[in-house]
Undergrad: 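Dropping the structure in here first, questions after.
No experiment lies behind these values; they were computed from the predicted model shown. Naming: A, B, ... by sequence-line order, numbering from 1 per chain. When reading the values below, keep in mind they use all heavy atoms of this one structure, side chains included, and skip hydrogens, waters and symmetry mates.
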Number of protein chains: 2
Amino acid sequence: MSVPTIKFYVREGLLPAGELTSPNQASYGETHVRRLRLIRALLDVGGLSVAAIRGVVVAVDDPEESVHDVLGEATKPLVPRYDREPGDGVEEARKTVAGLIAARGWHADPAGPAAEALAVTLVALADLGHGRFVEVLDTYADAAEKVARADLEYVAQHVAREEFVESAVVGTVLGDAMFSSLRRLAHMDASNQVFGPQEQGGGAE
Amino acid sequence: MSVPTIKFYVREGLLPAGELTSPNQASYGETHVRRLRLIRALLDVGGLSVAAIRGVVVAVDDPEESVHDVLGEATKPLVPRYDREPGDGVEEARKTVAGLIAARGWHADPAGPAAEALAVTLVALADLGHGRFVEVLDTYADAAEKVARADLEYVAQHVAREEFVESAVVGTVLGDAMFSSLRRLAHMDASNQVFGPQEQGGGAE
DNA sequence: GCTATCTGATAGCGCCACTATCTATGATGG
DNA sequence: CCATCATAGATAGTGGCGCTATCAGATAGC
């Protein structure tokens with residue numbers, strides 16, 4: 001972690017400035033190191049942009065901010081743009097999403113960023129000829145529910161109140177990465193089972 | 001979709017050139033449109049880089065290429081770098097991942113990109129003071145298995161052989177996006193239930 | 001004192017996903 | 001037939017992003 005990089009983060013509002021002990025000497029403490037680790041994790045592992053991280057840390061530092069709002073902040077930049085002539089199927093996808101939320105009794109905003117991102121993804125799938133992929137939506141939603149419950153449980157057990165907000169962001173962002181990797185591993189396994197062990201790698205058999 | 005952008009994709013090897021009917025007239029067919037949609041979906045929704053997409057389409061176009069290899073290609077650029085003094089906990093994380101793979105009997109390479117990405121994520125979590133998050137790994141793995149099975153089933157039912165490779169990529173990349181959105185929705189619901197309905201949004205009650 | 005090191009500020013770099021401009025060629029229409 | 005206009009291809013430029021290099025000014029430490 002180079003000094004100029006750190007100063008860059010300070011400039012960008014990701015990191016509070018060190019306490020000046022004299023005009024050319026600043027001291028950085030444990031909170032700074034913690035914050036730096038948060039930045040690196042969100043940046044490298046989570047793939048967030050510096051701007052998104054700024055939004056997150058501003059919200060994290062604001063004691064008035066609710067978990068809900070911070071997550072919204074962290075999630076906003078993740079909605080894809082996927083340009084399309086409006087109304088061409090997006091509307092239908094939005095309805096599908098709203099229907100799913102209603103069917104599951106989820107207390108979630110059908111117009112929020114997460115719902116919108118889902119709708120966009122469904123449209124993209126339909127465009128690619130995979131409109132039927134919605135048939136597995138329920139399986140995905142089941143899995144998502146289970147994972148979300150586990151997340152909440154973890155937070156309830158291991159996270160102190162004053163760390164709720166930061167932990168929620170970390171869990172949301174890194175949890176995605178975690179699940180994504182696990183899904184790939186599970187895919188490998190499943191495809192190895194279906195297509196047979198054609199000794200095409202490190203066949204542990 | 002502007003013309004210069006399309007030409008850019010041709011130059012970058014993402015899109016085959018149109019068939020020249022005369023030195024200044026090229027004809028683009030359905031395959032080009034399809035490919036363009038694939039590019040936009042992977043780029044906008046999947047968040048892949050142009051370089052990664054090139055790897056994917058080269059592999060997709062190669063009839064010798066196996067699903068396995070193409071997915072490897074698409075997955076490789078997704079492994080985070082997350083610089084760290086080596087051996088400082090990464091090794092332990094790798095062991096955790098290998099143990100998980102073994103415990104589940106997954107036929108997956110514990111040294112492949114997916115396993116490595118998972119290990120890196122675990123290290124990042126540990127760095128952030130969430131080492132205990134591994135306790136929910138099993139829940140995540142269960143969910144991932146279920147989702148992966150559903151994916152395979154979908155492919156088996158709805159995808160023709162010659163589209164296996166492309167569909168696998170699409171499913172892997174857009175499936176991540178889909179699950180991610182669903183998890184966020186499930187989080188909203190869970191947190192709304194835990195923290196009580198403080199009328200902080202569009203309370204559909 | 002004298003050098004080495006730190007600070008903050010400004011400007012620049014390298015990569016990436018395009019985009020603008022240019023020339024040559026040929027389609028198009030009165 | 002000929003003026004206009006669009007298109008192909010090639011080259012160079014743009015804007016954003018995540019840093020990084022350089023520079024003055026100030027001070028710590030010898």
Undergrad: Output the rounded distance in Å from CD (Glu19(B)) to P (dT7(D)).
TA: 18 Å
Undergrad: If you only use heavy atoms from C-beta on, which nucleotide in dT7(C), dT20(D), dT19(C) is closest to the side chain of Arg11(B)?
TA: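 Side chain of Arg11(B) sits closest to dT19(C).
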Undergrad: Under 3.5 Å, is there a donor-acceptor pair between the side chain of Thr5(B) and the main chain of Met1(B)?
TA: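 The answer is no, because no donor-acceptor pair under 3.5 Å joins these two groups.
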Undergrad: In whole Å, I'd like the distance from the CZ atom of Arg81(A) to the C1' atom of dG16(D).
TA: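 Between C1' of dG16(D) and CZ of Arg81(A): 12 Å.
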Undergrad: Verify the contact: side-chain N or O of Thr5(A) to OP1 or OP2 of dT20(D), cut-off strictly under 4.0 Å; return yes or no.
TA: yes
Undergrad: What is the distance, rounded to the nearest whole Å, between atom CD of Glu12(A) and atom P of dC17(D)?
TA: 9 Å
Undergrad: Specify the separation, in whole Å, of atom OH of Tyr9(A) and atom C1' of dG8(C).
TA: 18 Å
Undergrad: Should the pair Arg104(B)-Asp189(A) be classified as a salt bridge under the 4.0 Å nitrogen-to-oxygen rule?
TA: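 So Arg104(B) does not pair with Asp189(A) through a salt bridge.
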Undergrad: Specify the separation, in whole Å, of atom CZ of Phe8(B) and atom P of dA20(C).
TA: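 Distance, rounded to whole Å: 14 Å.
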Undergrad: Which ones in residues 30-47 of chain A lie close to DNA chain C, meaning a heavy atom under 4.0 Å from one of its atoms?
TA: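 Output list: empty, so none.
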Undergrad: From CD1 of Ile53(A) over to C1' of dC19(D), roughly how many Å is that when rounded to an integer?
TA: 13 Å
Undergrad: Starting from P on dA9(C), measure out to CG on Leu20(A) and report it in whole angstrom.
TA: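 Interatomic distance, CG of Leu20(A) to P of dA9(C): 11 Å.
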Undergrad: If you measure from the Lys or Arg side-chain nitrogens to the Asp or Glu carboxylate oxygens, is any gap between Asp44(B) and Arg81(A) under 4.0 Å?
TA: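 The answer is yes: the pair qualifies as a salt bridge.
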Undergrad: Check whether Phe8(B) forms a cation-pi arrangement with Arg11(B) (NZ or CZ under 6.0 Å from the six-membered ring centre, at most 45° off the ring normal).
TA: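 No - Arg11(B) does not lie over the ring of Phe8(B) by the 6.0 Å and 45° rule.
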Undergrad: Which of the following nucleotides, dA8(D), dT20(D), dG8(C), is nearest to the side chain of Pro4(A)?
TA: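 So the side chain of Pro4(A) is nearest to dT20(D).
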Undergrad: Any ion pair linking Glu135(B) and Arg132(B) (charged N to carboxylate O, less than 4.0 Å)?
TA: yes
Undergrad: Side chain of Asn24(A) only, heavy atoms from C-beta on: which candidate in dA12(D), dA28(D), dG8(C) is closest?
TA: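 Shortest atom-to-atom distance from the side chain points to dA28(D).
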Undergrad: Determine the minimum heavy-atom distance between Asp109(A) and Leu185(B), stating which atoms define it.
TA: O-CD2, 4.5 Å
Undergrad: Can you identify which nucleotide, out of dC6(C), dT7(D), dT7(C), has its nearest atom closest to the Gln25(A) side chain?
TA: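 Closest nucleotide among those given: dC6(C).
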Undergrad: Report yes if at least one side-chain N or O of Ser22(A) is closer than 4.0 Å to OP1 or OP2 of dA28(D); otherwise report no.
TA: yes
Undergrad: Between Arg183(A) and Asp176(B) (salt bridge meaning N to carboxylate O under 4.0 Å), is one present in this structure?
TA: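 Result for this pair is yes, salt bridge flagged.
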Undergrad: Given that Pro23(A) and Leu48(A) both sit by DNA chain D, which one's nearest nucleotide is further toward the 5' end?
TA: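 Of the two residues, Leu48(A) wins.
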Undergrad: Between P on dG8(C) and NZ on Lys7(A), what's the gap in Å once rounded to a whole number?
TA: 6 Å
